[in-house]
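Every chain is numbered from 1 and lettered A, B, ... according to where its sequence line falls, protein lines coming before strand lines.
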2 protein chains.
Amino acid sequence: MDQTQNDLLSPPEQSKGEEDQPKGARRRGDVLENAILQAAWEELEEVGYAQLTMENIAVRAKTNKTAIYRRWPNKVKIVVAAIVKHVPQPDIFAPATGDLRKDVINLLQGISKPMQKIGAETMHALMVEYHGNDLSSQLMRPKTEDKLNIAMKNILKNAQKRGEVRLEQINERVISLPADLLRYEILTTHEPVSDSTILEIVDDIFLPLVRQ
Amino acid sequence: MDQTQNDLLSPPEQSKGEEDQPKGARRRGDVLENAILQAAWEELEEVGYAQLTMENIAVRAKTNKTAIYRRWPNKVKIVVAAIVKHVPQPDIFAPATGDLRKDVINLLQGISKPMQKIGAETMHALMVEYHGNDLSSQLMRPKTEDKLNIAMKNILKNAQKRGEVRLEQINERVISLPADLLRYEILTTHEPVSDSTILEIVDDIFLPLVRQ
DNA sequence: AAGGTACGGTACGTACCGTACCTTAAAAGG
DNA sequence: CCTTTTAAGGTACGGTACGTACCGTACCTT
């Protein structure tokens, strides 16, 4: 009888490396919320946006749809939340290298990786479902307050101090040009954006325009 | 008896302005196919891609889903077919105006209208569902065989003959730049692309680059 | 100890997809 | 003209996923 007790009671407590809760335990608040967002992110990476289901997110998070819908009203919102949580926001104040070319290349490379992580399929899907929602503010802001745009202007201001460019002669559209081209590349290409693409954007297009 | 025959045979033929078939008549082949494509196009314009359903297309075409699935395997395919039928393909061989600037502006304006008709939402949706399909060849080809790219090269060749540019010094990416920017604008903006946007692309970006 | 909160779990109604099946008009072919 | 074949009209179904409703209960607060 004693043997039997030991054999039956011990195993359930352990099982995997991940902190498993005891049999009837419940996670709440942030703990559960993080588990759901983590599950959503993993599902998104594994099966992609189109194949993503609320049910599967719930299963992976070891909870149920209800817990998800208590927090986010639909698929779009939870996916955006998962992305915001797991994808690093680009640095507005990238460290100045003292060279316009290097600064711009760094900026583009910095944003390239995170956007690749999200993937073109998901971005398109979000832009489809965005129609009508107020979702744009998360991913596609008006250009004047776009983070990348601000970062680019800071870079150009520094370049101006060094006499590399004359800011007042540079068109707004030229300022946003590198970021726009990079985003277009990511949206329309299905392979990852190569470093040489970034170099082309900078050396063959952007620099000739700002240095006139 | 003669009267009766006339009275009974005439009425079913008329009823609405649109060519209505008599009670139990059946359309076949191209007639039915065109009716379906027309209905698909109208639904697409009225409710958009996301809200578009096969059932509603069938109802509007006064037929049923079966007739649609006999012709197209899924929603993507019939939408593409409807677009191809109703949206004019852009003119590759735009008449040369004898001026590089005017040629490029004409080209961009020529492609702008048709793409606006399709709409950003539908384009994103198609690019989502494209993943894995052979659908890209309809909308997004490799750049070297892209129709717009060919047209742009023709324009530049003519400009070279007039001594306006030196083609061998112009980067491939610069050649596709105007079309890329226009497409990006259409994909990310929800308002129609204005003429001034096209002028900016041409005057502030493209021409300075090719005229060096 | 009592009460409120929200999690686990199940079941449901809805919507749409894509398919199976049957009937019947119209075309094809002798 | 009659028979055969084709394809349209029409209904119903299986299947998937969304989003909601409800119930019992673990956990937290006081």
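In this structure, the salt bridge (charged side-chain N to carboxylate O under 4.0 Å, His left out) partners of A:D203, at least two apart in sequence or on a different chain, are A:R101. Every ring pair (Phe, Tyr, Trp, His ring centres under 6.0 Å) that B:W41 has, sequence neighbours left out, goes to B:H86. Take A:P114 and apply the side-chain contact (heavy atoms from CB on, under 4.5 Å) test, not counting sequence neighbours, and it matches A:V87, A:P88. Shown here are the salt bridge (charged side-chain N to carboxylate O under 4.0 Å, His left out) partners of B:R28, two or more places apart in sequence or in another chain: there are none. Residues satisfying the side-chain hydrogen bond (donor to acceptor under 3.5 Å, both in side chains) criterion with B:Q51, sequence neighbours excluded, are absent altogether. For A:V59, the side-chain contact (heavy atoms from CB on, under 4.5 Å) test picks out A:E55, with sequence neighbours left out. In this view, B:A159 and B:L100, B:R162, B:E164, B:V165 satisfy the side-chain contact (heavy atoms from CB on, under 4.5 Å) rule, not counting sequence neighbours. Take B:A67 and apply the side-chain contact (heavy atoms from CB on, under 4.5 Å) test, not counting sequence neighbours, and it matches B:L32, B:I36, B:T63, B:N64, B:R70, B:R71.
Across the protein-nucleic acid pair, A:N64 atom CG and D:dA17 atom P stand 17 Å apart, rounded to whole Å. Computed from coordinates, the B:L32 CG to D:dT6 P distance equals 18 Å when rounded to whole Å. One atom, NZ of B:K62, and another, P of C:dA25, lie 20 Å apart when rounded to the nearest Å. In this entry the distance linking CD1 of A:I68 with P of C:dG8 reads 10 Å, nearest Å.
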Protein N or O to nucleotides 20-23 of chain C N or O, pairs below 3.5 Å:
residue : atom : partner : partner atom : Å
C:dA20  : N6   : B:T66   : OG1          : 3.4

Where do N or O atoms of nucleotides 15-17 of chain C meet protein N or O atoms at under 3.5 Å, pair by pair?
residue : atom : partner : partner atom : Å
C:dC17  : OP2  : B:M54   : N            : 3.1

List every contact pair, protein side and nucleotides 28-30 of chain D side both N or O, where the distance is under 3.5 Å.
none

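Inspection of the A:N149 and A:S176 side chains reveals no N or O donor paired with an N or O acceptor under 3.5 Å.
With a 4.5 Å cut-off on side-chain heavy atoms, B:E200 and B:F206 do not count as touching. Annotation: side chain of A:T197 is in contact with side chain of B:R173 (closest heavy-atom distance under 4.5 Å).
Looking at every heavy atom in both residues, A:A120 comes nearest to A:L187 through CB-O, 4.0 Å.
For the side chain to side chain contact (heavy atoms under 4.5 Å, CB included) test with A:I118, the passing option among A:L44, A:I186, A:I83 is A:I83; the others fail.
Listed pair B:T63 / D:dA8 fails the phosphate criterion, with no side-chain N or O lying under 4.0 Å from OP1 or OP2.
For the strand DNA chain D, secondary-structure stems (runs of at least three Watson-Crick or G-U pairs, all distances below 3.5 Å) span C:1-30 with D:1-30.
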